[in-house]
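A short worksheet on the structure shown next.
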Amino acid sequence: MPSAVLHTDVSRWRLAVFAVVAVVLVALLSLTDESVSPALAAMGLLPLVYMATGAIDAFREHPAFPLASAVYTTLLFAGGYASGALSNLLWGVLAILSAVGVVVEAYNYRHGASYLRLDFE
């Protein structure tokens with residue numbers, strides 16, 4: 001199989017979105033003259049890692065993916081709080097609500113349940 005062909009277990013659409021977001025993030029970083037704080041750098045890197053892993057079907061279909069998604073969201077909001085961007089109160093409240101989501105998803109993963117999940121399928 002030629003290396004230019006994507007495997008069937010990779011979503012081309014999600015990979016394309018990842019590439020666009022990565023290009024936009026690099027462009028934004030190249031336009032700034034100021035140094036980027038570690039919290040803001042993590043807030044930029046975290047979505048890229050999440051989007052890259054989300055493009056792979058095996059990761060996205062794993063039973064632990066909703067738990068990993070909740071942890072990702074909590075880390076993103078906690079990074080927003082630590083960076084001081086926008087309102088700290090808003091980031092703090094969102095981080096706390098996301099942490100509750102991590103607890104719920106950990107319970108769901110452990111017991112094979114889907115409590116408090118919004119499933120639109």
Side-chain angles (χ1 to χ4, degrees):
M1 174 183 284
S3 61
V5 176
L6 292 177
H7 298 285
T8 58
D9 61 345
V10 176
S11 169
R12 290 184 175 140
W13 169 249
R14 290 175 187 264
L15 199 59
V17 170
F18 163 76
V20 168
V21 170
V23 166
V24 168
L25 185 62
V26 168
L28 287 174
L29 287 175
S30 68
L31 293 175
T32 183
D33 293 335
E34 299 176 14
S35 64
V36 177
S37 73
L40 280 176
M43 284 182 66
L45 186 60
L46 229 92
L48 290 179
V49 170
Y50 180 76
M51 292 170 93
T53 57
I56 302 169
D57 293 339
F59 285 108
R60 206 173 51 256
E61 294 168 358
H62 193 277
F65 188 73
L67 176 59
S69 181
V71 169
Y72 155 75
T73 306
T74 303
L75 289 174
L76 193 62
F77 290 146
Y81 179 79
S83 72
L86 298 176
S87 168
N88 272 343
L89 177 63
L90 174 66
W91 287 114
V93 169
L94 291 174
I96 290 168
L97 289 173
S98 294
V100 171
V102 169
V103 172
V104 170
E105 286 301 334
Y107 179 86
N108 286 342
Y109 178 68
R110 175 101 167 110
H111 297 287
S114 62
Y115 297 122
L116 298 178
R117 243 186 232 158
L118 300 175
D119 284 331
F120 298 108
E121 294 179 21

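Please read these numbers as outputs of a predicted model, since none were measured by experiment.
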Any link between W13 and V20 through a network of hydrophobic side chains (Ile, Leu, Val, Met, Phe, Trp, Tyr) touching at under 4.5 Å? no
CG (D9) and CD (E61) are apart, to the nearest 0.5 Å, by 9.0 Å
Indicate if L75 and V103 have the same hydrophobic cluster label, given that clusters are the connected sets of ILVMFWY residues with side-chain heavy-atom separations under 4.5 angstrom. no
Which pair of non-hydrogen atoms, one from R14 and one from G54, has the smallest distance, and what is that distance? CD-O, 3.2 Å
Can you see which heavy atom on A95 is nearest to which on A78, and at what distance? CB-N, 4.0 Å
If the test is side-chain contact (heavy atoms from CB on, under 4.5 Å), which one of L25, L76, V21 qualifies with P47? L76
Nearest 0.5 angstrom please: Y72 OH to S98 OG, how far? 10.5 Å
Looking only at non-hydrogen atoms, find the nearest pair between Y109 and P63 and report the distance. CD1-O, 3.5 Å
Should E105 and S69 be marked as a side chain to side chain contact (heavy atoms under 4.5 Å, CB included) after you check the CA-CA gap, both sets of side-chain angles, and the distance that decides it? CA-CA 9 Å; E105 286 301 334; S69 181; over 6 Å; no
Checking the side chain of S83 only, and the main-chain atoms of L40 only, is there a donor and an acceptor separated by less than 3.5 Å? no
Please check if the distance between the ring centroids of Y50 and F65 is under 6.0 Å. yes
Where V10 and D57 come nearest, the two heavy atoms and their spacing: N-OD2, 4.2 Å
Using atom types as modelled and distance alone, determine if a side-chain donor or acceptor of H62 lies under 3.5 Å from a backbone N or O of A64. yes
Answer yes if Y81 and L90 sit in the same cluster of Ile, Leu, Val, Met, Phe, Trp and Tyr residues linked by side chain heavy atoms under 4.5 Å apart, and no otherwise. yes
Shared ILVMFWY cluster between V102 and M43, side chains joined below 4.5 angstrom? yes
Can you give me the closest heavy-atom contact between A41 and V36, atom names plus distance? N-CG1, 3.7 Å
If you take all heavy atoms of L94 and F77, which pair is closest and at what distance? O-CD1, 3.4 Å
Please examine the side chains of L28 and T32, heavy atoms only from C-beta on, and report whether any two atoms are closer than 4.5 Å. no
Should V71 and W91 be regarded as members of a common hydrophobic cluster, given that ILVMFWY residues are connected when their side-chain heavy atoms come within less than 4.5 Å of each other, either directly or indirectly? yes
